[in-house]
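Each remark here refers to the structure printed beneath this line.
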Amino acid sequence: LIHHSYPDGKYLPKSECRLHQAYQKGKHLYSENETFWRKNHTPFPVEYWSRPLVEEGKIIGAVTTFVDISERLIARTQLIESEKRFRTMFDQAPLPYQSLDGNGIILDINQAWLDHFGYKRDEVIGHSYQEFITESSLSTLYKNFPNLVAHGTVNNVEFDIVCKDSSIRHIELEGRT
């Protein structure tokens, strides 16, 4: 096995090389957070698997398979940045927004929703949306929610929400999945 360097370019001694240690001990090894080096001395991130080759009870080598995960890491970083942008837009939107699962359970709500209806986040997340609707509006929910799930959109749905202080707020809902 050839030893090279840490991602920062610092020399990697044999004693600290996981591949060498696994080879010496005849162990299988998997890693998704390592750096290999190209012939031109540039590093690249890898995921790899290494298995010892054993003949007549002796380790005679190892087979190491690796994948360059540069594109995966770029995509992961882009996804994290996209999620941050979405989260900022969602949280700072001036109108109440909620996210429901297919059964009408509230997965997420923004601060405007909490401010508008007077609840705390932990009083809402994980609860059924119908818990916050007046009895007289439940039929509207039961009629329109399956349409939202089936068709991905509902428009101009009106019903009444029960606020934390027991007051009622009439709302018009635009829903998208």
Side-chain angles (χ1 to χ4, degrees), residues 6-9 18 28-38 40 42-50 64-177:
Y6 287 102
D8 65 2
R18 293 181 61 218
H28 294 209
L29 179 63
Y30 168 75
S31 179
E32 61 181 351
N33 187 24
E34 292 283 344
T35 300
F36 281 3
W37 291 81
R38 293 182 186 90
N40 68 1
T42 59
F44 63 101
V46 296
E47 173 181 31
Y48 70 81
W49 301 259
S50 184
T64 301
T65 306
F66 69 92
V67 176
D68 181 338
I69 59 171
S70 299
E71 289 182 16
R72 181 190 315 166
L73 295 179
I74 289 168
R76 183 182 297 158
T77 299
Q78 290 172 339
L79 181 61
I80 289 168
E81 290 303 314
S82 175
E83 170 61 22
K84 285 179 187 175
R85 285 190 305 276
F86 166 78
R87 175 58 48 197
T88 298
M89 287 188 308
F90 181 82
D91 287 342
Q92 296 178 3
L95 296 174
Y97 283 104
Q98 69 272 326
S99 176
L100 311 176
D101 72 8
N103 296 311
I105 302 300
I106 299 172
L107 302 173
D108 202 0
I109 36 72
N110 69 353
Q111 190 60 47
W113 197 101
L114 297 171
D115 295 342
H116 198 72
F117 301 116
Y119 291 96
K120 293 182 182 171
R121 190 171 301 280
D122 63 351
E123 296 173 318
V124 178
I125 301 296
H127 290 264
S128 173
Y129 197 68
Q130 69 185 21
E131 293 176 42
F132 303 95
I133 297 175
T134 62
E135 182 102 12
S136 62
S137 291
L138 285 175
S139 62
T140 303
L141 176 69
Y142 296 150
K143 176 184 169 191
N144 287 281
F145 192 73
N147 289 333
L148 175 62
V149 173
H151 303 291
T153 185
V154 291
N155 297 305
N156 306 319
V157 177
E158 296 184 30
F159 53 89
D160 296 320
I161 297 281
V162 179
C163 298
K164 172 89 181 227
D165 66 4
S166 298
S167 64
I168 306 297
R169 292 256 171 121
H170 186 76
I171 67 164
E172 182 177 308
L173 177 78
E174 300 287 324
R176 305 279 181 276
T177 58

Does Ile161 reach the side chain of Ile133, with side-chain heavy atoms less than 4.5 Å apart?
yes
Treating Thr42 as the side-chain partner and Arg38 as the backbone partner, does any N or O pair qualify as donor plus acceptor under 3.5 Å?
no
Polar side chain donor-acceptor pair, Thr140 to Ser137, under 3.5 angstrom
no
Asn155 side chain to Arg176 side chain, donor-acceptor N/O pair below 3.5 angstrom:
yes
Shortest non-hydrogen contact from Val67 toward Trp49:
CG2-CZ3, 3.9 Å
Leu173 versus Gln98: any side-chain heavy-atom pair under 4.5 Å?
yes
Tell me, yes or no, whether the heavy-atom count around Glu71 atom CD, taken from other residues, nucleotides or ligands under 6.0 Å, exceeds 12.
no
Quick one: are Leu79 and Arg76 in side-chain contact, heavy atoms under 4.5 Å?
no
To the nearest 0.5 Å, how far apart are CG in Leu138 and CZ in Phe145?
13.0 Å
Give a yes or no on whether a salt bridge exists between Asp91 and Lys84, defined as a side-chain N under 4.0 angstrom from a carboxylate O.
no
Check this for me: Arg121, atom CZ, are more than 12 non-hydrogen atoms of other residues, nucleotides or ligands nearer than 6.0 Å?
yes
In this structure, CD of Glu135 is separated from CG of Asp160 (nearest 0.5 Å) by 12.5 Å
What's the verdict on side chain to side chain contact (heavy atoms under 4.5 Å, CB included) for Leu100 and Ile105, showing C-alpha distance, side-chain angles and the deciding distance?
CA-CA 5 Å; Leu100 311 176; Ile105 302 300; over 6 Å; no
Can the ring centres of Phe36 and Phe66 be said to be less than 6.0 Å apart?
yes
Heavy-atom closest pair (Phe44 atom, Ser70 atom, distance to 0.1 Å) is CB-OG, 4.2 Å
Counting distance only, does the side-chain N/O of Arg169 pair as donor-acceptor with the main-chain N or O of His116 below 3.5 Å?
yes
Which class fits the ring pair Tyr129 and Trp113: parallel under 30°, tilted 30 to 60°, perpendicular over 60°?
tilted
Could you check whether Gln130 and Tyr142, counting side-chain N and O atoms only, form a donor-acceptor pair closer than 3.5 Å?
yes
Taking atom CG of Leu73 and atom CD1 of Ile69, what is their separation to the nearest 0.5 Å?
4.0 Å
Determine yes or no for a side-chain-to-main-chain donor-acceptor pair under 3.5 angstrom, with Gln92 supplying the side chain and Met89 the backbone.
no
Say you draw a straight line from CG of Leu95 to CD1 of Ile171; how long is it, rounded to the nearest 0.5 Å?
11.0 Å
Minimum heavy-atom separation for Thr35 to Pro7, with atom names?
OG1-CG, 3.1 Å
Could you tell me the separation between the CG atom of Leu148 and the OG1 atom of Thr153, rounded to the nearest 0.5 Å?
7.0 Å
Distance-only donor-acceptor check, side chains Ser31 and Asn33, under 3.5 Å:
no
Is there side-chain contact between Gln78 and Ile74, with heavy atoms separated by less than 4.5 Å?
yes
Of the non-hydrogen atoms in Gly102 and Val149, which two are nearest, and what is the gap between them?
O-CG2, 4.0 Å
Starting at CD of Glu81, measure out to CZ of Phe86 and round the result to the nearest 0.5 Å.
15.5 Å
Contact check, side chains of Tyr48 and Thr64, non-hydrogen atoms, under 4.5 Å:
yes
Set out, in order, the CA-CA distance, both residues' side-chain angles and the distance that settles side-chain hydrogen bond (donor to acceptor under 3.5 Å, both in side chains) for Glu47 and Tyr30, then state yes or no.
CA-CA 8 Å; Glu47 173 181 31; Tyr30 168 75; 2.3 Å; yes
Less than 4.5 Å apart, side chain to side chain, heavy atoms only: is that true for Asp108 and Tyr97?
no
Minimum heavy-atom separation for Thr134 to Ile168, with atom names?
CG2-CD1, 3.6 Å
Other residues, nucleotides, ligands: >12 heavy atoms within 6.0 Å of Glu174 CD
yes
Take atom CG of Asp115 as the centre, draw a 6.0 Å sphere, and report whether it contains more than 12 heavy atoms from other residues, nucleotides or ligands.
yes
If I compare all heavy atoms of Leu107 with all of Ile125, which pair ends up nearest, and what's the gap?
O-CD1, 3.5 Å
